[in-house]
Amino acid sequence: MNTYGSIGVYSPLRKCMKKTVLLRGKTSLVGPSNVDFPSGDPGMYQLDITLRRGQNLAARDRGGTSDPYVKFKLGGKEVFRSKTIHKNLNPVWEEKTCILIENPREPLYIKVFDYDFGLQDDFIGSAFLNLASLELNRQTDVTLSLKDPHYPDHDLGNILLSVLLAPREEQREVTMLMRKSWKRSSKFQTQSLRLSDLHRKSQLWRGIVSITLIEGRELKAMDANGLSDPYVKFRLGHQKYKSKIMPKTLNPQWREQFDFHLYEERGGIIDITVWDKDAGKKDDFIGRCQVDLSTLSKEQTHKLEMLLEEGEGCLVLLVTLTASAAVTISDLSVNSLEDPKEREEILKRYSLMRMFHNMKDVGFLQVKVIRAEALMAADVTGKSDPFCVVELNNDRLLTHTVYKNLNPEWNKIFTFNIKDIHSVLEVTVYDEDRDRSADFLGKVAIPLLSIQNGEQKAYVLKNKQLTGPTKGVIYLEIDVIFNAVKASIRTLMPKEQKYIEEENRLSKQLLLRNFIRMKRCVMVLINAAYYVNSCFDWDSPPRSLAAFLVVEDMLEDEEEEDDRDDKSLPRSDKITWLWYCTSGILQEDSEKKGFMDKLYAIQEVCVSVQNILDEVASFGERIKNTFNWTVPFLSWLAIVALCVFTVILYFIPLRYIVLVWGINKFTKKLRSPYAIDNNELLDFLSRVPSDVQVVQYHELKQDPSHSPSKRKKNNPG
């Protein structure tokens, strides 16, 4: 919509994604200034704020507590709102935001409210932060006393912040660029190309931080039983990761590995917080620590034992800094695969002769984002300001914005390193808006194994859930080069988790869909039971006779029967344990909880049931899709593995194979203490798409009668 500034995922400041705001402040001198700001056009300043916590906030609810959240306002506009912390007068937020301002003499207005469901939120207190009194390029811890103008003598508590004010020369260039674009609309394309150069500087990462969360030691007990249910949150800039929850332990063993992108050459600081999970109420804060990446040497794995501040115990981490992966953005004139020498070098890199060299580098992906047609009009003028986001797992790159156009042409080439050939390429089109997040226009999801190299295709855009079409098509040309042996070995390793995925929420439609999927899997088992039962009824004499001979053969080996009984016992124990845990969540401390606590607990149980149904149904569907040849590469891989296993069994007795397997499993932790636990069969099945994913990845056919290419294109306004 506008050509003056942007926020969210498409801001020129990529390190401040989703919470970057560009504002023109009004001249307002507030208090003495420690910094001599230039008169006239002061340029751009970046204000990094960490909302730490509140202390002794005023109670606004009947129970003597509050549900506080914080708002930041600048120039009369809301620029940030924190999450709500329920039933706590000493809340811990630890939230970061980044605000771009043009006049640091404008004070930041901070207001704290008590959230009331279905009612008007209660005002707790407010305070001003005088930005002109801050020293440039120096982080400052600030404690602000909350006041109510109507009751100035009341003590309403304190808010603790960490602030850093720094000039942004690069942003002044962006601002002048965008101001010039107001003067002549004919310069839109030129301005967009120049803006893409600034995007390129900000969004391409210079390295990768590989983090392995090993364990926690002697953590603080937060529950009445003297234990905790700890999990860990990591944050580096806009990148976040949340570990799994380890129930009822003070010495959790996580063994989780993930990667962050490093955007700054001098490194960065990873903020780590440890929490105790509580069903139906606010999670308890256990402690925090930080990792300063600038103090770590590159291309080396560092074992860190981080003591927790404001708590007890420590975390054990493995941190490795490596050089950047081969991710690039260029124009169509710069094409690696069209250069014979570069193409030959890429093909040589992923040839079978180098199958055991750098096992993490599976392949090479090149994506040409050419253009889109007949997009949805998101602005009141009947136009849109579209830009494109290209994602491969946790790698995320963007095009420039084409203003006031429903048929934009980007003509950009993106290249990625492939770590898993079963990854899905996601291309999303957004509309740029001022002072709010981007509007969604459409999305496509393309599995790498379904790509036809070198073919320019028109992909029909889908809705956010990828279940149905929306307006418009996008033209892409994609090339994939990979090493089949590396890809096969990588299939048997843990799948990379996306750290920007939203947490699952309770949805009636989703719960019903998962129930229906689960019902289908159960019906398959019931039909199988009917089939077995029909063998006893001699409905088909040949089938019953064959079944009788099989049973007789099985009964001859009593040891195998005992083993089968032993295997069935743990399964029944798991079912009993799952039923006990599910019912226990509702029964535990039921007398001590209020109505809202019970409501939160029921909602959490429903979300858990919804997720369990999804996991069980997906497991059954993945097994079915393996035999249905939904992904031929995986089905062939399974056949090859079974053939190899059959040949091995022919020459080597089964007991020796089991002996070697057992020795490997029992000595794995001794040989590699920090190895990530995995199950090769489950890792293989995680790559097979479920029925829901098959629908999401299905390519929609373009309606020839409504083809945008047959209609006259809109003139760019």
Side-chain angles (χ1 to χ4, degrees), residues 204-214 234 236 239 241 254-263 270 293 296-303 317-328 336 342 345-367 390-397 414-426 447-449 451 479-500 633-634 637 641 668 671-680 682-687:
L204 293 183
W205 47 93
R206 294 176 170 85
I208 294 177
V209 186
S210 179
I211 303 172
T212 304
L213 174 60
I214 302 298
F234 295 82
L236 177 61
Q239 304 169 91
Y241 180 83
W254 282 287
R255 313 272 171 169
E256 298 183 44
Q257 193 275 331
F258 58 96
D259 294 335
F260 279 158
H261 294 147
L262 189 61
Y263 289 88
I270 301 177
L293 299 178
L296 304 180
S297 58
K298 296 183 178 180
E299 308 299 336
Q300 181 180 351
T301 299
H302 304 267
K303 179 185 176 183
L317 310 171
L318 297 181
V319 181
T320 307
L321 275 66
T322 58
S324 175
V327 289
T328 62
S336 301
E342 290 194 29
E345 183 180 346
I346 293 173
L347 291 173
K348 183 179 179 181
R349 190 197 314 169
Y350 299 108
S351 64
L352 292 178
M353 301 298 295
R354 297 170 61 87
M355 66 177 68
F356 298 111
H357 178 74
N358 191 4
M359 296 300 296
K360 292 186 178 180
D361 187 12
V362 173
F364 173 85
L365 172 66
Q366 177 178 282
V367 183
V390 183
E391 296 178 84
L392 182 69
N393 289 334
N394 292 314
D395 297 342
R396 198 167 195 255
L397 298 175
F414 301 88
T415 64
F416 300 88
N417 268 5
I418 299 174
K419 295 183 257 184
D420 188 350
I421 194 59
H422 308 288
S423 301
V424 178
L425 176 69
E426 296 183 357
L448 297 186
L449 286 173
I451 291 172
D479 289 272
V480 176
I481 299 173
F482 68 97
N483 185 294
V485 176
K486 288 184 181 180
S488 301
I489 296 175
R490 185 68 179 85
T491 303
L492 304 179
M493 297 180 181
K495 187 177 181 181
E496 181 182 6
Q497 299 295 323
K498 293 190 69 172
Y499 52 72
I500 59 174
F633 180 90
L634 291 171
L637 182 60
K668 187 175 182 180
R671 291 181 283 109
S672 181
Y674 303 120
I676 305 297
D677 295 331
N678 73 301
N679 183 298
E680 289 78 6
L682 294 181
D683 290 334
F684 171 84
L685 288 175
S686 68
R687 269 52 174 219

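Source: prediction; values computed, not measured.
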Task: Closest non-hydrogen atom pair, K419 against V362 - done: O-CG2, 3.3 Å

TODO: Measure up the F258 and F260 rings against each other and bin them: parallel (under 30°), tilted (30 to 60°), perpendicular (over 60°).
DONE: perpendicular

- [ ] Give a yes or no answer on whether the side chain of K348 reaches the backbone of M353 with a donor-acceptor pair at less than 3.5 Å.
- [x] no

Task: Set of side chain to side chain contact (heavy atoms under 4.5 Å, CB included) partners for E345, sequence neighbours left out - done: none

Task: Student check: side-chain heavy atoms of L236 and L293 closer than 4.5 Å - done: yes

Task: T212 versus Q257, closest heavy-atom pair with distance - done: OG1-CG, 3.4 Å

Open item on the list: Is there a side-chain contact between L213 and L317 in this structure, where contact means two heavy atoms from C-beta onward sitting under 4.5 Å apart?
Closed with: yes

Open item on the list: Using 0.5 Å steps for rounding, measure from the CD1 atom of I270 to the CD1 atom of I211.
Closed with: 3.5 Å

Open item on the list: Restricting to non-hydrogen atoms, name the atom on V424 and the atom on P447 that form the minimum distance, rounded to 0.1 Å.
Closed with: CG1-N, 4.1 Å

Task: Partners passing side chain to side chain contact (heavy atoms under 4.5 Å, CB included) against K495 (at least two apart in sequence or in another chain) - done: D420, S686, R687

- [ ] Check each of I418, N483, I346 against F364 using the side chain to side chain contact (heavy atoms under 4.5 Å, CB included) test, and report the only one that passes.
- [x] I346

Open item on the list: Using only atom types and a distance under 3.5 Å, with no angle test, would you say the side chain of H302 pairs donor to acceptor with the backbone of L321?
Closed with: no

Open item on the list: Tell me every residue that passes side-chain hydrogen bond (donor to acceptor under 3.5 Å, both in side chains) with E256, counting only those two or more places apart in sequence or in another chain.
Closed with: Y241

Task: Heavy-atom side-chain contact between L637 and F684 under 4.5 Å - done: yes

TODO: Grab the two heavy atoms, one from A484 and one from F633, that are nearest each other, plus how far apart they are.
DONE: O-CZ, 4.2 Å

TODO: Grab the two heavy atoms, one from A487 and one from H422, that are nearest each other, plus how far apart they are.
DONE: O-NE2, 4.4 Å

Open item on the list: Is it the case that the side chain of R490 and the backbone of M359 share a donor-acceptor pair, with hydrogens and angles ignored and the cut-off at 3.5 Å?
Closed with: no

Task: Straight-line distance of I481 CD1 to R349 CZ, nearest 0.5 Å - done: 9.0 Å

TODO: Measure the shortest side-chain to side-chain distance between F416 and N393 over non-hydrogen atoms and say whether it is less than 4.5 angstrom.
DONE: no

Task: L685, L492, T491 screened by side chain to side chain contact (heavy atoms under 4.5 Å, CB included) with E680, the one that passes - done: L492

Task: Side chains of D361 and Y350 in contact at under 4.5 Å (non-hydrogen atoms) - done: yes

Task: Residue from I421, L449, L425, V367 passing side chain to side chain contact (heavy atoms under 4.5 Å, CB included) with V480 - done: I421

